[in-house]
Each structure stands twice: as C-alpha cells, then as structure tokens.
Amino acid sequence: MISFSMERGMYLVFLCLLVIYSRSPKHRFVTLIFFTFLGSFFLFQLTNQLLADRFDLSEEQRILCNRSLLILIIAGLYILHLFYKQKLSFFQQKPEWNHRIVFPFHSTSVFHFLLLGLILNGVIFASLIIQQEFSYLQSVVVFGLLFSIINSVFEEVIWRGIVLSSLQKRTSLFYAVTVTSIGFGLMHLSIGFSFSASLLFSFTGLAYAFIVWNTKSIYPAILFHFIINMGMVLSGWVL
C-alpha cells in the first residue's frame, strides 16, 4: 500500500528534481532518470495495490506478482533512453573472472573473491535452513526458485544494470554506486521490510555494485543475488 508519508515523500523528491532539472542543463538526463524511476515506481506500487484489491492472492502469489511487476520500472527506463536516443547498456558483457582485486596486504582474482563470498553466505544460511521443518522446505522450493530468478534478474537489471550504467557515464563512479546502493536498499521498504533491514540491503547493494564493477558484467551479481534470495526463502525470511 502507498502510505501518505511515502506519497508525500515522493512529491518532495519530484519537486527537488524539478528544481535541479530547471537549474542544471548538464544534469538534465540524470534528473530525467530519477523522474522516470519515481514515476515508474509509483505505477509499480499502484498496480500492485490494484491487484491486491481485486484478486484474492495467496502470499506466494502476491510476492511473485510484486516482483514480476518490476518490469514496469525497466520498461520506463528503457523508453526514456529510447526517446532521447541514449545508448542503453547494462554491463551485459562476458565476466572478467581473472581481474585482480587489490587489498592492502593481498590481491586475489574476482573468481576466488566471489567463491569465498558464496561459501561464507552458504554457511550462514545453512545454519538457518537446518532449523526449518523438512515439510516447509519442500513446500517452498518451487516458489523459492521462481522468486529468486525473477527478483535477482529484475533488481540487478534496474540497479546495477540500467541505473548504475547510466549514472556512471554522466556522474562520478562514487555517486553512481552510492545512489544505486541506497536506492536499492530503500526500495525494500515498499515490500514490508523494516528501515534497519532496508539499510542492510543497501550494504548488500554496495557489494553487488563492487562485483559488477570488478567483473565488468552483471551476470555474476545476478548469480550471487539469486543464491542470497534462495537462502532467504529457505531460511524463512521471505514467507
């Protein structure tokens, strides 16, 4: 549901963006990206509410519909780029697995860094999953696969794909990563997560951006995102 405070906050953001758009010609397309995202997000929220009011959906169906409707935001951003004849790219190239990540006292390949991250997350989620009843795990496998595929692909295409790619071409990388990570986290408020959980998702978004930038590809982030989502479903965080 679109609360009054959320709706008022959206109008305030629209007003700020309108001022930026009118005063800074250099940043007009960046401002239009935000306008388009907010407008598409409003349509996304409204459509979800209409479906919830009209149809008697189960919790699983409601969540899958919600995640599937993220396509509205993707479509809005695509139409914006098409209308202004701006090249649309979203790091769709083959991953650079051998790219070296340099730390103060060590360097490692992207592949080994991601493998370590997957192992650590696997251990954490495994400790939560084994606490669930086997009957529960059986009942959510299909839902978990559908949810994880739809959510990981659509969210990554929006945030680490279209928006990150477009912003980093026209602003600094720091700004692009910061905005997309915070936006990714705060968007989870609309599906019922608390502010503290949404803040945690912002740090997760930062990790996904780190993966995309170092591999020059969105696909490893989608895979990582899929595994995290699957772990969340099986451990009972989503339902």
Side-chain angles (χ1 to χ4, degrees), residues 2 9-48 65-96 149-188 190-191 201-202 204-226:
I2 303 174
M10 288 178 64
Y11 287 138
L12 180 61
V13 171
F14 268 114
L15 180 61
C16 292
L17 292 176
L18 181 61
V19 172
I20 295 172
Y21 181 84
S22 62
R23 294 177 62 87
S24 179
K26 184 176 69 172
H27 295 141
R28 282 187 177 176
F29 191 74
V30 172
T31 308
L32 283 171
I33 292 172
F34 291 132
F35 265 120
T36 303
F37 174 83
L38 288 171
S40 301
F41 179 74
F42 182 81
L43 179 61
F44 162 79
Q45 287 283 75
L46 183 61
T47 306
N48 272 294
C65 283
N66 181 285
R67 298 295 82 192
S68 298
L69 286 171
L70 288 172
I71 194 69
L72 295 174
I73 299 176
I74 295 173
L77 293 169
Y78 172 77
I79 292 170
L80 171 69
H81 284 74
L82 189 65
F83 184 81
Y84 282 91
K85 298 179 181 179
Q86 298 290 319
K87 184 179 178 181
L88 182 66
S89 60
F90 48 91
F91 299 103
Q92 65 267 39
Q93 58 265 37
K94 183 179 178 181
E96 297 180 5
I149 291 171
I150 296 169
N151 193 58
S152 61
V153 171
F154 284 180
E155 285 195 340
E156 289 307 312
V157 168
I158 292 171
W159 292 110
R160 261 67 58 181
I162 299 173
V163 179
L164 178 62
S165 177
S166 295
L167 291 184
Q168 65 92 22
K169 290 176 184 176
R170 299 168 176 87
T171 64
S172 67
L173 177 62
F174 176 80
Y175 178 84
V177 169
T178 301
V179 168
T180 53
S181 298
I182 293 175
F184 169 73
L186 294 180
M187 193 173 178
H188 289 78
S190 68
I191 53 177
F201 283 123
S202 292
T204 306
L206 189 63
Y208 293 145
F210 181 81
I211 293 170
V212 169
W213 189 251
N214 280 280
T215 61
K216 308 304 179 186
S217 174
I218 198 174
Y219 301 117
I222 290 175
L223 176 61
F224 205 101
H225 199 151
F226 170 84

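Note that the coordinates shown come from a computational prediction; the quantities given were computed from them, not determined experimentally.
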* Asked: Do S152 and I222 pass the side-chain contact (heavy atoms from CB on, under 4.5 Å) test, and can you show the C-alpha distance, the side-chain angles, and the key distance before you say yes or no?
  -> CA-CA 5 Å; S152 61; I222 290 175; 4.0 Å; yes

What distance separates [X] [atom1] from [Y] [atom2], expressed to the nearest 0.5 Å?
X: I218; Y: L223; atom1: CD1; atom2: CG; value: 12.5 Å
X: L70; Y: S40; atom1: CG; atom2: OG; value: 11.0 Å
X: I182; Y: M187; atom1: CD1; atom2: CE; value: 15.5 Å
X: T36; Y: F83; atom1: OG1; atom2: CZ; value: 10.5 Å
X: L77; Y: L32; atom1: CG; atom2: CG; value: 11.5 Å
X: F41; Y: L69; atom1: CZ; atom2: CG; value: 12.0 Å

Closest approach of [X] and [Y], non-hydrogen atoms and distance?
X: S202; Y: L186; answer: OG-N, 4.3 Å
X: I162; Y: F90; answer: N-CB, 3.8 Å
X: F44; Y: N66; answer: CE1-O, 3.0 Å
X: T215; Y: I211; answer: OG1-O, 2.8 Å

* To do: Kindly indicate, with the supporting measurements, whether the criterion side-chain contact (heavy atoms from CB on, under 4.5 Å) is fulfilled by F37 and I73.
  => CA-CA 6 Å; F37 174 83; I73 299 176; 3.6 Å; yes

* F210, CZ: over 12 other non-hydrogen atoms inside 6.0 angstrom ->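 Counting neighbours around CZ of F210, more than 12 heavy atoms of other residues, nucleotides or ligands fall under 6.0 Å, so yes.
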
* Given side chains that start at C-beta, do those of F34 and V179 come closer than 4.5 Å, heavy atoms only? ->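 Sidechains of V179 and F34: in contact.
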
* Quick one: are R170 and R28 in side-chain contact, heavy atoms under 4.5 Å? -> no

Flag, side chain of [X] to backbone of [Y], donor-acceptor distance under 3.5 Å:
X: S217; Y: Q92; answer: no
X: Y219; Y: K94; answer: no
X: S181; Y: T178; answer: no
X: Q93; Y: K216; answer: yes

* To do: Would you please test S166 and H81 for side-chain contact (heavy atoms from CB on, under 4.5 Å) and show each step?
  => CA-CA 9 Å; S166 295; H81 284 74; 2.8 Å; yes

* Take S165 and F91 through the side-chain contact (heavy atoms from CB on, under 4.5 Å) test and state the conclusion after the steps. => CA-CA 7 Å; S165 177; F91 299 103; 3.9 Å; yes

* Give me the ring orientation class for F29 and Y84: parallel if the planes are under 30° apart, tilted from 30 to 60°, perpendicular past 60°. => perpendicular

Cut-off 3.5 Å, no hydrogens considered: what does the side-chain donor-acceptor table look like for residues 154-161, sequence neighbours left out?
{"unit_1": "E155", "atom_1": "OE1", "unit_2": "N151", "atom_2": "ND2", "d": "3.4"}
{"unit_1": "E155", "atom_1": "OE1", "unit_2": "H225", "atom_2": "NE2", "d": "3.2"}
{"unit_1": "E155", "atom_1": "OE2", "unit_2": "R67", "atom_2": "NH1", "d": "2.8"}
{"unit_1": "E156", "atom_1": "OE1", "unit_2": "R160", "atom_2": "NE", "d": "3.0"}
{"unit_1": "E156", "atom_1": "OE2", "unit_2": "R160", "atom_2": "NH2", "d": "2.8"}
{"unit_1": "E156", "atom_1": "OE2", "unit_2": "H225", "atom_2": "ND1", "d": "2.6"}

